Amino acid sequence: MENLSLNVPAGVLVKATCVDFPGLVAGSFFLKGCNLRCPYCYNINLVTPSEKTDLELDSIQDLFNHLEKRQGILTGLVISGGEPLLNPYTPLIIKKAKSLGYKIKLDTNGTLPAELSYFLEAPEIRPDFLAIDIKTTPEKYAKLICNKQSKFYGNIQYFEKVISESCRIAESIPADKREFRTVLVPSLVSLKEIQIIAKFLPKDASWQFAQFQNENCLNPEYKTIKPYLDYEIEQIITEAKKFIPNANLR
């Protein structure tokens, strides 16, 4: 970790947000690199970085300078991606931000239980708030979300295992310090998928849904998918509440 350069392009800095860290005004840093290829992903330059897009990214030093400058104004830092549990800079960022008095929110995609345990078990890098994205069912993770170059492509049992383990590990965190998030992509999440996903979540989970935006999608075909209408979203939320009472549209 000592050999990591702070001055190379590493991610995208959002200087202030009032919506990404519940209850806090925070900065956000979206790190590049991900083990998944969600077809609706809009952070294309983070998932499939190139020399051209790297030029548009901020460095870790840019982030640290911002945190020092806004100390006492911002109170939280959201570390997202990409997938931050795979990024070697994540522990370094957490330690620095904590030393400046920031609360840490960590966003992850729910497929890396071993890495999640590592962060939760080490006090110096343990986040204050955890958000896990549960994107769809294990079957669709395996066939539609997984990187086709991965050895786990098509392996439904693998995704059943890792999603289940990640949700179980998350139960070690108080219910008011964690949430589970699902984007309502019509091809990935319907009433049927809601029933399956709900089985993985703790009963006291905060399950936050977001509307699908069909712009800047990693897979261009997803730009043609029409988002759910309001009444369809209401039906999905109502179904989710049957299993997880604290289910809401954010």
Side-chain angles (χ1 to χ4, degrees), residues 11 20 28-44 46-49 78-91 93-94 104-122 125-127 129-173 177-185 187-189 193-202 205-210 212 217-219 222 244:
D20 292 332
S28 295
F29 200 73
F30 294 80
L31 287 158
K32 69 177 182 178
C34 190
N35 60 320
L36 299 181
R37 291 297 182 268
C38 302
Y40 60 91
C41 180
Y42 59 87
N43 287 330
I44 299 174
L46 299 179
V47 175
T48 56
V78 179
I79 305 174
S80 191
E83 176 45 59
L85 295 189
L86 291 176
N87 196 295
Y89 285 107
T90 302
I93 294 171
I94 294 177
I104 303 298
K105 175 174 175 278
L106 187 61
D107 295 348
T108 182
N109 64 31
T111 66
L112 300 163
E115 290 81 357
L116 179 59
S117 289
Y118 171 74
F119 278 85
L120 296 185
E121 292 171 1
I125 57 173
R126 181 181 173 91
F129 195 98
L130 177 68
I132 297 181
D133 290 332
I134 306 295
K135 302 173 185 298
T136 184
T137 62
E139 180 178 1
K140 291 191 173 182
Y141 263 98
K143 297 178 180 179
L144 299 176
I145 300 294
C146 185
N147 187 341
K148 290 185 178 180
Q149 307 305 315
S150 169
K151 65 181 179 180
F152 300 116
Y153 180 73
N155 190 334
I156 299 172
Q157 289 185 330
Y158 168 78
F159 285 101
E160 287 179 345
K161 179 177 182 290
V162 295
I163 294 168
S164 177
E165 287 186 7
S166 292
C167 290
R168 178 185 56 78
I169 292 167
E171 291 192 73
S172 67
I173 296 178
K177 301 298 181 183
R178 55 170 159 81
E179 69 180 20
F180 299 84
R181 308 181 305 190
T182 301
V183 178
L184 292 173
V185 185
S187 60
L188 299 176
V189 182
E193 280 76 35
I194 288 294
Q195 296 169 11
I196 297 172
I197 296 171
K199 296 178 182 179
F200 292 95
L201 306 184
S206 171
W207 195 3
Q208 301 298 315
F209 292 90
F212 163 61
C217 298
L218 180 62
N219 183 339
Y222 275 64
I244 308 295

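In this text the structure is predicted, and so the values were computed from the model without any measurement. Heads up: numbering here begins at 1 and tracks the sequence. What's counted below: heavy atoms across the whole structure, side chains too, no hydrogens, waters or symmetry copies.
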Look at the side chain of N43 and the backbone N and O of G81, then say whether any donor-acceptor pair between them is shorter than 3.5 Å.
-> yes
From OG1 (T182) to CZ (F212), nearest 0.5 Å = 14.5 Å
Rounded to the nearest 0.5 angstrom, the CD1-OH distance for I163 and Y158 is 9.5 Å
After noting the C-alpha distance and the side-chain angles of N35 and N147, does the key distance pass the side-chain contact (heavy atoms from CB on, under 4.5 Å) rule?
-> CA-CA 7 Å; N35 60 320; N147 187 341; over 6 Å; no
For residues C146 and A142, report the shortest heavy-atom separation together with the two atoms involved.
-> CB-O, 3.8 Å
Is there a side-chain contact between S28 and I79, using heavy atoms and a 4.5 Å cut-off?
-> no
Starting at SG of C41, measure out to CG of N219 and round the result to the nearest 0.5 Å.
-> 11.5 Å
How long is the gap from CD on Q208 to CD1 on I244, to the nearest 0.5 Å?
-> 12.0 Å
Spell out, as yes or no, whether a donor-acceptor pair under 3.5 Å connects the side chain of S172 to the backbone of I169.
-> yes
On a heavy-atom basis, the closest approach of G110 and S166 is O-OG, 3.0 Å
Option passing ring pair (Phe, Tyr, Trp, His ring centres under 6.0 Å) with F159 (candidates Y141, F200, F152) | Y141
Spatial distance of atom OG (S80) from atom CG (N109) [nearest 0.5 Å] = 10.0 Å
How about I104 and F119: do any of their side-chain heavy atoms sit closer than 4.5 Å?
-> no
Derivation and outcome, side-chain contact (heavy atoms from CB on, under 4.5 Å), residues F29 and L31 = CA-CA 6 Å; F29 200 73; L31 287 158; 3.6 Å; yes
How close do L46 and F30 get, heavy atom to heavy atom, and via which atoms?
-> CD1-CB, 3.5 Å
C34 versus V47, closest heavy-atom pair with distance = CB-CG2, 4.3 Å
Near Y42 OH, under 6.0 Å, is it more than 12 heavy atoms from other residues, nucleotides or ligands?
-> no
Picking from L112, T90, L36, what satisfies side-chain contact (heavy atoms from CB on, under 4.5 Å) with E83?
-> L112
Indicate the atoms forming the closest heavy-atom contact of I173 with R178, along with that distance.
-> O-NE, 3.0 Å
So, for P202 and C167, which heavy atoms are closest and what is the spacing to 0.1 Å?
-> CG-O, 4.1 Å
Please round to the nearest 0.5 Å and tell me the distance separating atom CD of E179 and atom NZ of K105.
-> 5.5 Å
Y222 and S187: side-chain donor and acceptor closer than 3.5 Å?
-> yes
Beyond-backbone contact of P127 with L120, side-chain heavy atoms, under 4.5 angstrom | yes
Only distances under 3.5 Å count here; give the side-chain donor-acceptor pairs of residues 132-139 to other protein atoms, sequence neighbours excluded, each with its distance to 0.1 Å.
residue, atom, partner, partner atom, Å
D133, OD1, R181, NE, 2.8
D133, OD1, R181, NH2, 3.1
D133, OD2, R181, NH2, 3.4
T136, OG1, L188, O, 2.6
T137, OG1, K140, N, 3.4
E139, OE2, K143, NZ, 3.2

L85 side chain reached by L106 side chain, heavy atoms, under 4.5 Å | yes
How far apart are the C-alpha atoms of L116 and L130, what are their side-chain angles, what is the distance that settles it, and do they pass the side-chain contact (heavy atoms from CB on, under 4.5 Å) test?
-> CA-CA 10 Å; L116 179 59; L130 177 68; 3.9 Å; yes
Residues in side chain to side chain donor-acceptor pair (under 3.5 Å) with Q195, at least two apart?
-> E239
